[in-house]
Number of protein chains: 2
Amino acid sequence: MGVTIKDIAKHAGVSYSTVSKALRDSPLVKKPTKIKIMKIAEELGYQPNVAARSLVQKKSYTIGVVWPSVERIAPSILITKINDLLEEKSYTTLLSINKVESAIATFNRFQVDAILVFGENKSVLSDSSIQTTVPILYYGLKENSTYPTIDVNRRKAIKLAVNYLQEIGHKKIAFIGDLSDVDPLQKEKAIGFFEAMNVKQASELPDLVIPTNGLEVHDGYHAAKTLLSNNTDITAIISGSYDLTRGILRATSELALYVPKDLSIISYDNIPQSDNLEVTLSTVGVPVTRIAKQINEALLSIIEGNDIQDSIILDPELNIANSCAPFGWYD
Amino acid sequence: MGVTIKDIAKHAGVSYSTVSKALRDSPLVKKPTKIKIMKIAEELGYQPNVAARSLVQKKSYTIGVVWPSVERIAPSILITKINDLLEEKSYTTLLSINKVESAIATFNRFQVDAILVFGENKSVLSDSSIQTTVPILYYGLKENSTYPTIDVNRRKAIKLAVNYLQEIGHKKIAFIGDLSDVDPLQKEKAIGFFEAMNVKQASELPDLVIPTNGLEVHDGYHAAKTLLSNNTDITAIISGSYDLTRGILRATSELALYVPKDLSIISYDNIPQSDNLEVTLSTVGVPVTRIAKQINEALLSIIEGNDIQDSIILDPELNIANSCAPFGWYD
DNA sequence: TTGTAAGCGTTATCAC
DNA sequence: GTGATAACGCTTACAA
């Protein structure tokens with residue numbers, strides 16, 4: 001089995017409490033002793049036993065992340081970022097891909113210091129079904145939950161985009177995105193578009209709203225093909241995601257349409273762009289780094305026992321770049 | 001803080017050791033007492049403390065999964081399956097997205113019962129850099145590791161496909177896949193193709209090997225477009241992944257080529273197909289369910305302390321369906 | 001500056 | 001059948 005502080009104590013010829021202090025870098029231990037002990041610990045390949053430590057400290061320096069759908073690529077970048085941030089504060093993140101209730105139960109048994117839940121179909125889940133003594137933070141749509149929640153204002157993001165395009169003179173603005181009911185996060189974006197266009201639903205803008213059945217590149221490609229073959233007078237497109245936008249750009253280049261000369265594009269996006277597309281994209285959204293930072297702070301705060309705001313809705317930002325030009329600019 | 005067995009003991013008016021036995025459903029406790037205790041535990045929302053239990057039992061009923069690249073969608077289905085299988089045996093899986101070394105260190109501190117590592121750029125990693133007392137199982141390419149490894153024979157899979165197509169008379173067989181050096185798993189597939197075609201490298205089959213720079217749908221789409229516009233005499237394609245195949249099918253339908261009349265397709269694939277494509281695909285590969293089952297068994301086995309085979313390479317299977325027809329069948 | 005001892009929540013081994 | 005009690009590996013007063 002594993003090496004314990006008692007083993008180290010024997011080797012070093014000191015008591016095991018001294019070892020404990022030395023390893024925790026306590027000022028109560030003389031430098032030379034400390035160094036000697038550290039060295040022996042290293043040699044023996046000592047790994048502190050979390051179980052024992054968290055038993056006495058009632059703290060495990062661990063954050064449990066509930067991530068029911070490993071399949072989804074979107075939040076994975078966010079998780080990675082959060083993980084890095086927490087690591088700096090010497091916290092470890094552990095993920096569970098189980099159903100929310102059982103994941104929370106597991107993390108309670110493990111006495112993690114806080115739980116971060118990536119909400120998805122939270123609709124099914126009511127707070128009453130959750131048993132926890134560990135503080136919980138949600139990321140995603142705030143619905144029937146009383147737990148603190150951090151979310152991105154997707155609706156406002158799309159509105160920002162529409163308004164900007166209108167300001168620079170565009171009249172025929174289209175939206176390409178996922179309108180299916182299954183994903184409330186996507187739906188928010190569509191609602192933002194409707195609101196900005198002063199309509200109630202997609203049917204009032206038959207030619208301008210192109211629903212996709214997913215968020216992949218080819219969904220965007222085909223939506224754009226449909227849109228642009230039928231409607232030659234569209235001058236601007238708002239895209240629901242980065243991948244959709246990549247598809248849209250593919251379509252425009254095949255149709256020999258030039259961005260932004262023939263068409264302005266603003267893409268919803270949280271992720272920093274790595275690909276080098278033909279144009280630098282204009283985007284709206286909250287950058288992952290900011291989301292991660294907020295979540296990180298909130299997490300550390302609730303661990304300290306501080307109450308945080310019930311609900312933090314992050315404001316999106318508009319970043320205008322080459323893919324966008326005023327209407328008529330090239331005439 | 002959490003409810004402990006002592007709290008339950010007080011409420012039930014018994015000693016806490018009786019509570020412990022009752023909760024573990026020991027035959028040493030009378031039925032009525034047991035029921036009473038269970039009920040109180042339920043009411044109080046008791047959650048057993050893993051730290052305390054694993055401290056005395058030296059077992060946490062937990063498997064640590066090292067998954068450095070949350071970004072990749074491919075193995076996520078596999079992880080979900082493994083998770084389900086282990087749950088049946090009342091094991092919990094916890095994932096870490098940290099670097100392999102530190103993830104392993106973390107899991108050692110948590111005293112998990114076994115560690116499953118999803119190997120990727122294992123190249124960098126030598127066994128000597130790993131400190132562990134917990135048994136480790138690798139999934140992925142076996143390279144310089146002495147730990148037991150489970151892997152899929154991708155090379156053989158593609159060979160099977162080539163041989164089958166040759167048997168049914170195809171001469172001009174093309175391969176669409178990712179040849180970049182970064183992903184050794186993909187490279188294996190290409191090597192399988194080369195070997196089956198009796199060549200050493202791609203350059204010997206200039207028109208038949210179409211490298212993609214990824215495994216997404218649109219990569220397949222564009223590769224197929226390139227391939228089929230230049231080479232009208234190709235009669236069969238082997239695709240390196242399911243998504244690539246979807247793209248290929250999109251391309252063929254745009255080019256008014258009919259599968260399998262004008263073109264036979266066999267797709268590498270581990271994942272059970274959910275989409276309903278125009279044709280039912282012929283596939284080669286090891287189904288995820290089988291991979292998951294093997295990993296599950298191996299894991300349980302090494303937990304018991306049984307040595308398992310150093311290396312288990314799973315044999316792919318060929319499933320021929322509508323997307324494949326003998327050469328000349330429709331003439 | 002170092003050692004001793006109590007206690008964290010649980011299981012397991014005894015006695016009763 | 002049930003109840004004390006030791007032990008798991010560690011941290012932390014407190015004693016030396």
Side-chain angles (χ1 to χ4, degrees), chain A residues 1-38 40-41 44-62 90 105-113 133-134, chain B residues 1-38 40-41 44-62 90 107-113 133-134:
Chain A
M1 321 267 110
V3 184
T4 74
I5 49 172
K6 289 188 182 172
D7 299 324
I8 301 175
K10 252 180 232 149
H11 281 252
V14 296
S15 82
Y16 66 86
S17 78
T18 305
V19 174
S20 171
K21 284 171 203 150
L23 292 175
R24 316 230 76 228
D25 201 23
S26 155
L28 299 174
V29 179
K30 260 207 298 198
K31 259 260 174 65
T33 344
K34 222 185 259 183
I35 293 174
K36 190 169 86 184
I37 290 173
M38 296 282 212
I40 296 176
L44 264 43
Y46 170 75
Q47 295 278 17
N49 183 326
V50 182
R53 171 182 293 176
S54 71
L55 202 53
V56 33
Q57 287 199 154
K58 288 172 166 293
K59 197 156 162 29
S60 56
Y61 289 94
T62 305
S90 70
T106 301
F107 286 136
N108 267 273
R109 288 195 293 270
F110 272 89
Q111 306 264 92
V112 300
D113 299 334
T133 57
V134 176
Chain B
M1 325 261 108
V3 183
T4 75
I5 48 172
K6 291 188 182 170
D7 298 324
I8 300 174
K10 255 180 230 149
H11 280 254
V14 295
S15 81
Y16 68 86
S17 76
T18 304
V19 173
S20 172
K21 284 170 205 152
L23 292 175
R24 316 230 80 229
D25 201 23
S26 153
L28 299 174
V29 179
K30 258 204 303 195
K31 259 261 173 64
T33 343
K34 220 183 263 182
I35 293 174
K36 191 170 84 185
I37 291 172
M38 297 281 213
I40 295 176
L44 264 42
Y46 170 74
Q47 294 277 20
N49 184 325
V50 183
R53 172 182 293 173
S54 71
L55 199 54
V56 33
Q57 286 198 154
K58 289 173 165 290
K59 197 160 164 22
S60 57
Y61 289 95
T62 306
S90 70
F107 286 135
N108 268 272
R109 287 195 293 271
F110 272 90
Q111 304 265 91
V112 299
D113 299 333
T133 58
V134 176

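The model shown is predicted, which means the values in this text are computed figures rather than measured ones.
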Handout entry: Residue A:K59 excluded, over 12 heavy atoms near NZ under 6.0 Å
Key = yes
Check whether any side-chain heavy atom of [X] sits under 4.5 Å from a side-chain heavy atom of [Y], and report yes or no.
| X | Y | result |
| --- | --- | --- |
| B:I40 | B:I37 | no |
| B:N49 | A:L55 | yes |
| A:L23 | A:M38 | yes |

Handout entry: Closest non-hydrogen atom pair, B:F110 against A:T62
Key =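 Closest approach of B:F110 to A:T62: CZ-OG1, 3.1 Å.
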Exercise for the section: Over all heavy atoms of both residues, which pair between A:V29 and A:T18 is shortest? Give the atoms and the distance, please. Expected result: CG2-O, 4.1 Å
For [X] and [N], give me the distance from atom [atom1] to atom [atom2], rounded to whole Å.
| X | N | atom1 | atom2 | result |
| --- | --- | --- | --- | --- |
| A:Y61 | D:dT11 | OH | C1' | 11 Å |
| A:R109 | C:dG9 | CZ | C1' | 15 Å |
| B:I5 | D:dT2 | CD1 | P | 16 Å |
| A:I8 | D:dC10 | CD1 | P | 8 Å |
| B:K36 | D:dT2 | NZ | C1' | 12 Å |
| B:Q47 | C:dG9 | CD | C1' | 14 Å |
| A:K10 | C:dG3 | NZ | C1' | 17 Å |
| A:L55 | D:dA7 | CG | C1' | 12 Å |

Handout entry: Side-chain N or O of B:K58 closer than 4.0 Å to phosphate OP1/OP2 of D:dG9
Key =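 For D:dG9, OP1/OP2 do have a side-chain N/O of B:K58 under 4.0 Å.
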Exercise for the section: Verify the contact: side-chain N or O of A:T33 to OP1 or OP2 of C:dT2, cut-off strictly under 4.0 Å; return yes or no. Expected result: yes
Practice task
Scan A:S20 against the nucleic acid and name what it touches under 4.0 Å (heavy atoms): base, sugar-phosphate only, or nothing.
Solution key: base
Could you list all N or O pairs between the protein and nucleotides 4-7 of chain C that sit under 3.5 Å apart?
unit_1	atom_1	unit_2	atom_2	d
C:dT4	O4	A:S17	OG	2.8

Practice task
Kindly indicate, with the supporting measurements, whether the criterion side-chain contact (heavy atoms from CB on, under 4.5 Å) is fulfilled by A:D25 and A:K34.
Solution key: CA-CA 8 Å; A:D25 201 23; A:K34 222 185 259 183; 3.2 Å; yes
Problem - Those residues of residues 22-32 of chain A lying under 4.0 Å from DNA chain C by at least one heavy atom - result: A:L28, A:V29, A:K30
Problem - Any donor-acceptor N/O pair, B:S60 side chain to B:S54 backbone, under 3.5 Å - result: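 No, because the side chain of B:S60 does not come within donor-acceptor range (under 3.5 Å) of the backbone of B:S54.
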Completion exercise
Between B:G13 and B:Q111, whichever has its closest DNA chain D nucleotide further toward 5' is B:G13
Completion exercise
Picking from D:dC10, C:dT11, D:dG9, the nucleotide nearest the side-chain atoms of A:R53 would be D:dC10
Problem - A:I8 and A:Y46: CA distance, side-chain angles, deciding distance, side-chain contact (heavy atoms from CB on, under 4.5 Å) verdict - result: CA-CA 8 Å; A:I8 301 175; A:Y46 170 75; 3.6 Å; yes
